[in-house]
Amino acid sequence: MEVLWSLVVGVLVAAGIYLLLERHVLRVLFGLILLSSALNLAIFTAGRLTPGLLPLIGADATLPPDGAANPLPQALILTAIVIGFGLLIFALLLFYRAYYQTGSADVDDMKRSEEDE
Amino acid sequence: MDNITDSPETPNSQKHVSLLIFPLIPIVLLFSILSWYQPEGVSWQGHWIPGLDINLSFRLDGLSFLFAGLITGIGALIQFYALAYMRGDGGRFSFHLYLTLFMLSMLGLVTSDNILLLFVFWELTTITSYLLIGFNHEQNESRKKALQSLLVTGAGGLAFLAGLIFLGQMAGSYEVSVILQQTEQIADHPWFVTSLLLILLGVFTKSAQFPFHFWLPNAMAAPTPVSAYLHSATMVKAGVYLLARLSPVYSDSEVWFYALVIVGGFTAIWCALLAIKQTDLKLMLAYSTNVALGELVLLIGIGTEFALTAALLFILAHSFYKAALFMVVGNIDKATGTRDIRKLHGLRAVLVLSLVAAILAALSKSGVPPLLGFLSKEYMYKSGLEASGLITAVLMLANVFMVALAIAIIYKPFFANYQREPIVVKQVESSKGLWLPAMLLAVGSVAAPVLGLGWLNSQIIIPGVISSLPAATPDASKFWHGINLPLLLSVLTLLLGGAVYALYPRWLAKQKKAILPNAEAVFDLIMNGLMRLATWQTRCLQQKRLSNYVLMFSVVLAVILLSQPLMIAPERLMELFQLNFYEIAIALLLISAALVCTLSHSRLLAVASLSMVGFMTTLVFMLYSAADVAKTLLLVETLMVVFVVLLMRHMPRLTTVVRHSKKRRLLHAVIAGGVGLSVSALLINITAQPLDPTLAQFFANNSLPEGHGRNIVNVILVDFRAIDTLGEMIVVVIAGIAAISLLSSQNYKRAPVHSLIFTTTAQIVSTLMLVFSVYLLMRGHNEPGGGFIGALIAVIGLALLMFAKSPKYVRDRLHYSPMGIAMFGICLSFIAGLLSMAFHLPFLTGLWWKDVLPLGTPLLFDVGIYFAIIGGVMGILLRVNEVLD
Amino acid sequence: MTTIWLTLPVVLSLLTAVAVFTCQRRKWLCDLISATSVCATLVVAALLTYEVILNGPQAVAFGQWQAPFGIVFVADFLTVAMVLITAIIGAISVFYAMADIRTKHSYTAYHALMHVLLAGVYGAFLTGDIFNLYVWFEVMLIASFGLMILDANKTQIDGALKYVVLNLISTLFFLLAIGLLYGATGTLNLADLNTKAALIAPESQVLLSGLFLFAFAIKAALFPLFAWLPASYHTLPNVVVALFAALLTKVGVYALMRVFTLVFPLHESGWQSTLMWVAALTMLTGVLGAASQFDIKKILSFHIISQIGYMIMGLAVYTPLAIAGAIFYVVHHILVKANLFLIGGLIERRYGTSHLKQLGGAYKAMPWLAFLFFISAFSLAGFPPLSGFWGKFIVIKASLQTSDYWLAATALLVGLLTIFSMSKIWNEAFWKKPTNDELESKALSRATLYLYSLPIVMLAALSLLIGLVAEPFYQFAEHAAQQLLVPDAYIQAVLGGAP
């Protein structure tokens, strides 16, 4: 299973990087979003995959069932998702603002800070 | 040109008395040194940075004593002179201060017994010299020249540092006394020559040897007292001092001999030729200082008893006459406003006292008996003859030019009588400070050899020679050696000097045609080249375009990831054939969605496929038992799409922006593919081994008994790794605050009104969602759910309401500002964490009241998250809607 | 008590941020809270330092979940040095902000975000868990985003765009590296990783450490990954850029030092020689970049990069002496670089520009400021006996000891170029004649001037102190380097057990 999802992660990462290299500001954003989905999947895969056994402790048990999924990567991904969400929303609004001020959605036009006055 | 206006008795004169402290310091120091000094040497030890073997070790021996005496003695005279010379200058206080700081640094340099301590003082003299050369800093020329000298001596200083580190490394210590005991060991070390060359680089820059000689004449931009003190009597001799000091370590090597003799000799001749061409009195003196330094380097290179005696005598003689001459030139400048010998004439009537001093000094410079200069020249020739005819010839040639120069300096300004425009001369000799110091030095040039030769020999010359040549048993220097070859050479030098002076004008005319390569031009060329290189490389690295930066970063990433070929065992790939149908289907859907997103030209299609990626990922999490993650991701993806779509409508289509060229995109694809591939390979390789289950086991075992929760993921979030969650909460809230401020400047518009049915439905649904969110929050500790998921459900519910009604409606319903709610949430979580600290437990330790009610601080923590997320996300959502709709 | 000292820097900063944020309209209250908090943190940091010097590395396990299961905060010598210096810079920034940006409408937001940033920095220095390190990186990052766009003028937005995108790349790959590292070792605790990371297959180890290198190299602004820094820093208000210049890149350097001693010891990681080249090129390109600029803030920004090179050089040489030099350099650099930006800020406030062509005459107008600038500038250029010299001297000596002559030669050459570009500021802004008389008009009130100069004088005094009384600081750096290279005490403090 891990092999399959490793390959998928590779494709997502490649797609994300390709988009990051584009000039339209929205494409750059899509690249970031894709990359961050890819990473969630990567952490998940790295923590090994277990189909069908939630890391929950049953009502009358004190331990989760044998072979239950590894809870730690899940917790990490949850944290990463939420952090990623905050950062991406910020990036989105920043991109919008940059576009709004430049009048162009081309990231290569957004270089006022490096022009010599 | 010195920009000194001679306004008589400005308000500054009130400070005059307090300024007397400045000449007083060197006088006190001089007497202290005289009283401390013993010919066999005195040492003083103190701690500074023992860990780096840098100690405050000082030692006063014959060599140091000569320099220390010159530094303080001439220093006192210069301070007196400067009191008169700088009168009326607004910055005279700082001038004296810099001068004093310089003097102290120089004194430290010549008395240090630790080479790194010496280096510290060495660099301090560089800094103070920089400040003094640039003293008239409002003139471009001064600033430029100051910078030049700083860079040249600074560059040398850095090489010098490396050389000293090598030397210290070879000797195992930075203490001079230790180094001097290890000479044999050092001589056999492979670093020997390297360290020698590096140290010489430092010395040659400091003592203005060819090809670094040019900074010294340029340093004449400084006020004259500085030229007299730093750039003739003291600082430039620091290099010579160092050569003499390290001579016992290096003098046996041939590199040392040839380097010093060739460089010193060449500098002497070269600068003598340049000196004779000059028309500015100060420049003439400056180049003649170069000559003297070259001769000194040469003498130390010869390194015999005679040569060292000559060097020490010459240092003394040169300091006396050169400082005196500079002061006289300063007086001429002050009196007439010019230093150009083509304009000056007939000053003998006005500057009588200066003239007397100048004549004495010039005689010493020319080497006329019985002055100091004569004595040094005798020994110079003696040592030259001992070494080789060529060296003697070099020394003599340089001296001939010096004689000619001395005649020119005296004759032209004072005696020449041109029939040109008369020059206005001010009476400056009423001020004792201007002529007395020069006169004292000039008289000293006579008195020292006549009256004090015995003292000089026993206190300075003999111990000084021994400092540099420990094995030597030097004889006392004498005046009269009978009629011998050196004496004849001295006489010949004088005669030839006169002849050169006579032929001088014709010679000068010819010189104009001859072009000497100019070291300064080379320096300027290097500096310009450097600037061009700097601009060019900065343009290459900072291309201002984001896509180029990202490209650079990706290339680096690809290079790093492809640096190591990874082998994937083929049997691992066999796994792919044992997969379920739906796994493959989801994977293919994910891949194709990603590809569509990458290639699509339509915004909407791209966003649709992006959300496809998101939802497919959710399915993957669902599939492999990550219920909490799947739920959260679903909600986050939904919100994300809402945001993207909201903003995307206000942004131009994808096709409006020019894309990169086909070739460039191919390159992008290759890089992206490379990175993707190696990430896959790495992941496959890493998952080939079984995972160390220790942590997972611990969480499984302790979740219920210690964490009081059945949903292990949630227990990890709010208890085991609660501090991660705390940080993440902060990130979301701050992201909200930051994002809001991005949208703060625009006006709010009224939201569109929607249909009544939609509004009513929305109200009901959102209420239900809020209730559901609270339920999820409550059960989160035991079953999938928790603060995040609950909060996100609530946010979506509120968003629905916002779309149905208006952002303002939601704001009113919330009652508190979203960010206020967020802060409240953060505070709750903090309280949950801090409560345990009141019981002397670590931060965020869970406290439970299981006996009474199933409540504990981790639950409170989760409630905090709930509020923080609602507040943070709603804050942005409301603002985005207010601004954009 | 140590557990409290370990916890408080982060908690106090975050609580202050919340408090300041809540008292939005009342600037005086914000000032009061902010100032009290930074002073208190300074005391806490000092107590923590004292404790660690006395008793060796200290750790606290949050929620009483022992490492490697829970998250620990650990403080060894390097950590306390960084925490203490951060506390100093934090205090300085808060006071300087009162003089510099009090008139801005977003003044309280600046304070709140500054405290969040500080919390992130403290967290990053203190944490003993790699994923937690990621979280603090993000806290720091989002706060820096916020600070960057608070004024939201056009150049700032464009600068921020590059800053955000390029830093997000770093963050994302850092996260990937953590995920993979966890997958390979099953643990996240740095001390635990010390033994477990060595068991990873060698090829994977190289690539994994390469990913960390990539992520941290962006944070630390190493060649060729520094583009975000000169693109954005100069657009910021001076107090913010001083704070950034002092701390942000140094967190990257700290992370490199920590990870490449504790988790992937550099000499076994396969990246040592690469890192040496990177260090040399970082020094060189940074200083050349500075030489090509004519704006105080831009020059100083490029200099940050160049000096990061010196620190990385110390790490790359990887001997106790070299790392001690790097640590010494970090501390020196934080003080001096922050101060130069603060001085630049005062000049900009006074003359309304930071462009060298328009400036002039500051030497006459503000001789005391000239003196302070001179000390800081020459300290930066590495002139003895100022603090910069010792750092430079130690790393150069270390590289000569290991026979990396070219590296030492580069460092020396860069020293010369640093002199060149620092004297450019001195020549143009201080020594040159004022270009026009209007420049003189913006005299500041005495009170404002005092508020401006207090932080500047304090930082200058500190860097002078480090230069003149270098021995204790050197001893401290040497101990810190020893602890990094032989992390037994650190590991014992975290995991317990026999030493």
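Computed over heavy atoms, backbone and side chain alike; hydrogens, waters and symmetry mates excluded. Throughout, a chain's letter reflects where its sequence line sits, starting with A, and its residues are numbered from 1.
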Pairwise side-chain contact, [X] with [Y], heavy-atom cut-off 4.5 Å (strictly under):
X	Y	value
B/Thr656	A/His24	yes
A/Asp108	B/His660	yes
A/Tyr96	B/Leu742	no
A/Thr62	B/Pro705	no
A/Glu22	B/Arg665	yes
A/Leu7	B/Leu576	yes
B/Leu683	A/Trp5	no
A/Leu20	B/Ser554	no

For [X], which atoms come within 4.5 Å of any heavy atom of chain A: side chain, backbone, both, or neither?
X	value
B/Glu783	backbone
B/Asn714	neither
B/Phe553	neither
B/Ile869	side chain
B/Leu551	both
B/Val679	side chain

Fill in: Heavy-atom closest contact (A/Ile33 atom, B/Met640 atom, distance)
CD1-CE, 3.8 Å

Discussion item. Minimum heavy-atom separation for B/Ala735 and A/Phe90, please, with both atom names.
Written reply: O-CD1, 4.3 Å

Treating [X] as the side-chain partner and [Y] as the backbone partner, does any N or O pair qualify as donor plus acceptor under 3.5 Å?
X	Y	answer
B/Arg710	A/Gly58	yes
B/Ser547	A/Leu21	no
A/Glu2	B/Ile686	no

